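Presented below is the structure to which this report refers.
Each residue takes its place number in the sequence, starting with 1. FYI, side chains are in, hydrogens and waters are out, and symmetry mates aren't considered; it's all heavy atoms of this structure. All values derive from a computational prediction rather than experimental measurement.
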Amino acid sequence: MRSDVEGIAPQTIRQARLDAGLTQVSAASLVHVTPLTWKRWESGDRTMHPAFWELFALKVEADRVRQGNVQPRRMPRYTMAELLAVSEYPTEPDAESRDWVAGEATGKEIL
């Protein structure tokens, strides 16, 4: 496993599964892994990648919404200025990008 990816604690995985009312077999099926893999995550023999954790959380929440147990979360709305303020990308395109955008806008091929 890559050292820059932090795993989820086994106790957290087990408690989340129990809170969702799932067996290890049904939890494993939910995220498309074998029951043995899920068991190893809960025992700490293997580290769960955050992508599986996110998939599990999303599916459990979606199931609760479908059953009417909770209201879906509302995603916050942001303006373009707010998004650009936290973006890693420059707000002004470089010359090459401007040329490409200009070519797309005019329909001319730039090469």
> Ring centres of Phe56 and Trp41 under 6.0 Å apart?
Replying inline: no
> If you take all heavy atoms of Gly44 and Pro10, which pair is closest and at what distance?
Replying inline: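 Gly44 and Pro10 have their closest heavy atoms at CA-CG, 3.6 Å.
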> If you look at every heavy atom in Leu30 and Lys59, which pair is closest and at what distance?
Replying inline: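 Looking at all heavy atoms of both residues, the closest pair is O-NZ, 2.9 Å.
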Nearest 0.5 Å, please: how far is [atom2] in [Y] from [atom1] in [X]?
| X | Y | atom1 | atom2 | result |
| --- | --- | --- | --- | --- |
| Gln24 | Thr34 | CD | OG1 | 11.0 Å |
| Arg40 | Thr47 | CZ | OG1 | 12.5 Å |
| Leu58 | Asp63 | CG | CG | 12.5 Å |
| Gln15 | Ile13 | CD | CD1 | 12.0 Å |

Can you confirm whether [X] sits close enough to [Y] that some side-chain heavy atom of one is under 4.5 Å from a side-chain heavy atom of the other?
| X | Y | result |
| --- | --- | --- |
| Trp38 | Val25 | no |
| Leu22 | Val60 | yes |
| Thr12 | Trp53 | yes |

>> Can you pull out every salt bridge (Lys or Arg N to Asp or Glu O under 4.0 Å) where at least one residue sits in residues 43-56? Sequence neighbours excluded, please.
In response: none
> What pairs with Arg17 under salt bridge (charged side-chain N to carboxylate O under 4.0 Å, His left out), at least two apart in sequence or on another chain?
Replying inline: Glu42
